Amino acid sequence: MPALTPATAWLVLLIAGLCEVGWAIGLKYTEGFTRLVPSAWTLAAMAVSVLLLGWSLKTLPVGTAYAVWTGIGAVGTALLGMALFNESREVARLVCIGLIVAGILGLKLVSD
């Protein structure tokens with residue numbers, strides 16, 4: 001895959017992070033990889049997520065990209081866990097998620 005412009009690399013990293021959310025949530029539906037279709041989709045999302053992360057690393061610094069990728073995954077998974085699985089919506093938890101978002105934005109701002 002060719003190197004990306006910085007703006008495109010950030011977009012690819014965002015998509016990689018969203019795929020990470022997809023596979024993290026997908027794990028719940030695989031029931032320990034005992035269900036074929038959810039397991040196949042989860043494994044596909046894992047592969048796409050890692051491939052896109054790797055592609056973005058041709059342009060972005062590894063420490064920044066990895067932190068942003070995992071941050072997107074953590075925030076998205078936590079929010080979908082609340083929406084889909086009725087997980088806790090305590091204020092302290094929401095504040096902590098907000099801190100992760102602030103960290104992601106901070107890394108983006110200092111990495112341009």
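If you read the sequence from its start, that first residue is 1, and numbering goes on from there. No experiment lies behind these values; they were computed from the predicted model shown.
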Just so I know, are the side chains of W69 and S49 near enough to count as touching, which here means a heavy-atom distance under 4.5 Å? yes
Say you draw a straight line from CG of L105 to CD1 of I100; how long is it, rounded to the nearest 0.5 Å? 12.0 Å
Ignoring hydrogens and angles, tell me if any N or O in the side chain of S111 forms a donor-acceptor pair with the backbone of L107 under 3.5 Å. yes
Going hydrophobic residue to hydrophobic residue with side-chain gaps under 4.5 angstrom, can you get from I104 over to I97? yes
Value for CG (L51) from OG (S56), rounded to nearest 0.5 Å, stands at 11.0 Å
Would M1 and V48 show up in the same hydrophobic cluster when neighbours are defined by side-chain heavy atoms closer than 4.5 Å? yes
Please confirm whether the backbone N or O of A24 pairs with a side-chain atom of T77, one donor and one acceptor, at under 3.5 Å? no
If two hydrophobic side chains count as joined below 4.5 Å and joins carry through other members, does W10 share a cluster with L18? yes
Using every non-hydrogen atom in the two residues, find where S39 and T34 come nearest and quote the distance to one decimal. OG-N, 4.2 Å
Distance col, row T42:OG1 vs Y29:OH, nearest 0.5 angstrom, shows 10.5 Å
Closest non-hydrogen atoms of I25 and G81, given as atom of the first, atom of the second and distance, are CD1-N, 4.3 Å
Do other residues, nucleotides or ligands put more than 12 heavy atoms under 6.0 Å from the NZ atom of K58? yes
At what distance, to the nearest 0.5 angstrom, does CG of L43 lie from CZ of F33? 5.0 Å
Here the pair of heavy atoms bringing I72 nearest to L13 is CD1-O, 4.3 Å
Flag for T8-T5: side-chain donor and acceptor within less than 3.5 Å: yes
Distance from E90 atom CD to L94 atom CG, nearest 0.5 Å? 9.0 Å
At their closest point, which heavy atom of L57 faces which heavy atom of A65, and how far apart are they? CD2-CB, 3.4 Å
Determine whether L80 and F85 make a side-chain contact, defined as any pair of heavy atoms from C-beta on separated by less than 4.5 Å. no
Looking at CG of L52 and CD of E20, how far apart are the two atoms once the value is rounded to the nearest 0.5 Å? 12.0 Å
If hydrophobic clusters are built by linking Ile, Leu, Val, Met, Phe, Trp and Tyr wherever their side-chain heavy atoms come under 4.5 Å apart, do W23 and L79 end up in the same one? no
Let me check something: do V21 and M82 share a hydrophobic cluster, defined by ILVMFWY side-chain heavy atoms less than 4.5 Å apart, either directly or through other members? no
